[in-house]
Amino acid sequence: MVYGASGHSGRLVTRRMCELGLRPVLCGRDARKVAAFAGDLDLDHRTAAITDPNALGGALRGVGVVLNAAGPFSRTAEPIADACLRAGAHYLDITAELPSIEAIARRNDEARRRKLMLMPAVGFDVVSTDCLAAHVARRLPHATRLAIAVTNLFSLSRGSAQTLLENVNRGTVRRDGGLTPLPLGSVERCFDFGHGRSAALNVSLGDLTTAYYTTGIANVETYVEATPLTRALLGACRSFGWLLDTAPAQAWLSTWSEALPMNLGSSEGRTMVVVAEAEDEAGRRVCARLRTPEAYEFTGFTAASIANRVLAGDFEPGFQTPARVYGRDFVLGFADVAREDIE
Ligand SMILES: NC(=O)c1ccc[n+]([C@@H]2O[C@H](COP(=O)([O-])OP(=O)(O)OC[C@H]3O[C@@H](n4cnc5c(N)ncnc54)[C@H](OP(=O)(O)O)[C@@H]3O)[C@@H](O)[C@H]2O)c1
């Protein structure tokens, strides 16, 4: 089942699943939107609000794997993972949100007991970043520090904008295995995204948790390339994040973001670049770079591929991360993906 199937990313994932020969059941909270999209592809559909556990339980009858594409995941991940654990279905989602990944990680024991896999973040981020983190960790086995940096998105979907707005005041870093607050955009570092070294600013990507689980490296930082726009946005988060995080401001931003357009336009020819750098106590460093197709397009491929593997019985029970189960080279199996080690 794809939940949130009629959203921008839900549609991409569903279409890629169909290309793999799967026939997912489509689900969402808006019967009209889900039925229209299911009709286009001649797929079954169901309706359930995440606030209605009985309806969700009913919708999950006979379903083996759920791919949750409905974000912000702060609202949807836990209710849908709950429903999966009750119904005996594996849970996947395409979040990159740290708190929702942490919430799913806390259900590890329950999932293991039920022999179900909970794998959040099977989209561009964190599949690409997780595989690259596993790659540099393998090349430097005693690394104690890991930095991951991503180039900018070209455009944001409505769901991604809502997700960002929810997290304006939530800067975090992983130090000595724990999560510690660190204001967004307060640390600047240079990475080579393929055109010489350029500046990047700290943000709180889901990799702060997933890379820790995948590599065991206890100090993790995540960055995004510093364009004038990201500098301005992260600066605003530092100055006004506390204000934007209040209930009235969040309500206003949520209403405003509902009016954002659904269509992102063409992604043709657009690529993403990820850099990962591991360092050990002796100061040795290894660094690698990965180029992938545009983030939303690539999410369709990675999420559909992982759902397909789980359906075929290729999964590990409990909370899992993509590279831990499918290996650091998993990402290289997709078209137009290239990895290179940087000296
Ligand atoms: N990790 C990655 O690399 C990656 C890549 C792509 C997307 N994402 C994330 O995926 C999420 C969705 O993005 P998108 O591009 O598909 O956005 P979108 O086009 O706005 O679609 C969002 C979908 O989620 C549904 N939804 C939102 N809140 C819901 C709720 N409380 N209950 C039930 N359904 C809900 C929407 O339903 P309605 O149509 O009924 O409103 C819609 O189907 C975002 O959080 C985005 O950041 C992550």
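Values below: all heavy atoms of this structure, side chains included; hydrogens, waters and symmetry mates excluded. Counting starts at 1 for both ligands and their atoms, following the listed order.
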Please determine whether a side-chain nitrogen of the Lys or Arg among D130 and R324 lies less than 4.0 Å from a carboxylate oxygen of the Asp or Glu. no

Taking N or O atoms only and a 3.5 Å limit, does G123 qualify as a polar contact for ligand 1? no

Looking only at N/O atoms, are D125 and ligand 1 under 3.5 Å apart anywhere? yes

From N108 CG over to R113 CZ, what is the distance, rounded to the nearest 0.5 angstrom? 10.0 Å

With a 4.0 Å heavy-atom cut-off (strictly under), which part of R29 contacts ligand 1: side chain, backbone, both or neither? side chain

May I ask you to decide whether E78 forms a salt bridge with R106, counting only side-chain N to carboxylate O separations under 4.0 Å? no

Are T299 and S9 linked by a side-chain donor-acceptor pair shorter than 3.5 Å? no

If we only consider heavy atoms of F298, is any one of them less than 4.0 Å away from an atom in ligand 1? no

Quick look: A69 vs ligand 1, heavy-atom contacts under 4.0 Å, and the answer is backbone

For ligand 1, which atoms have a heavy atom of G4 less than 4.0 angstrom away? 43 (O)

Can we say R284 and E279 salt-bridge, meaning some charged N sits less than 4.0 Å from an Asp/Glu carboxylate O? no

Any Lys/Arg nitrogen of R289 or D341 sitting under 4.0 Å from an Asp/Glu carboxylate oxygen of the other? no

Looking at K33, R32, H8, R11, the heavy atom closest to atom 39 (O) of ligand 1 belongs to K33

Flag D30 as yes when one of its N or O atoms lies below 3.5 Å from any N or O atom of ligand 1, and as no otherwise. no

Using 0.5 Å steps for rounding, measure from the SG atom of C84 to the CZ atom of R114. 11.5 Å

Counting heavy atoms under 4.0 Å, the part of T299 that contacts ligand 1 is side chain

Region of T76 that comes within reach of ligand 1 [heavy atoms, distance under 4.0 Å]: side chain

Electrostatic pair E294:R270 at N-O distance under 4.0 angstrom: no

I'd like to know if E297 and R11 make a salt bridge, using a cut-off of under 4.0 Å between side-chain N and carboxylate O. no

Would you mind listing which atoms of ligand 1 come within a distance below 4.0 Å of any non-hydrogen atom of Y3? 33 (C), 34 (N)

Near I50, which atoms of ligand 1 are under 4.0 Å from a heavy atom of that residue? 31 (N), 32 (N)

Check each atom of ligand 1 against the heavy atoms of I94 and keep those under 4.0 Å away; list them by number with element. 1 (N), 2 (C), 4 (C), 7 (C), 8 (N), 9 (C), 10 (O), 48 (C)

Could you check, using the six-membered ring where one of them is a Trp, whether Y296 and F124 have ring centers closer than 6.0 angstrom? no

Sub-3.5 Å N/O-N/O distance, F73 and ligand 1: no

Does T95 have a heavy atom less than 4.0 Å from any atom of ligand 1? yes

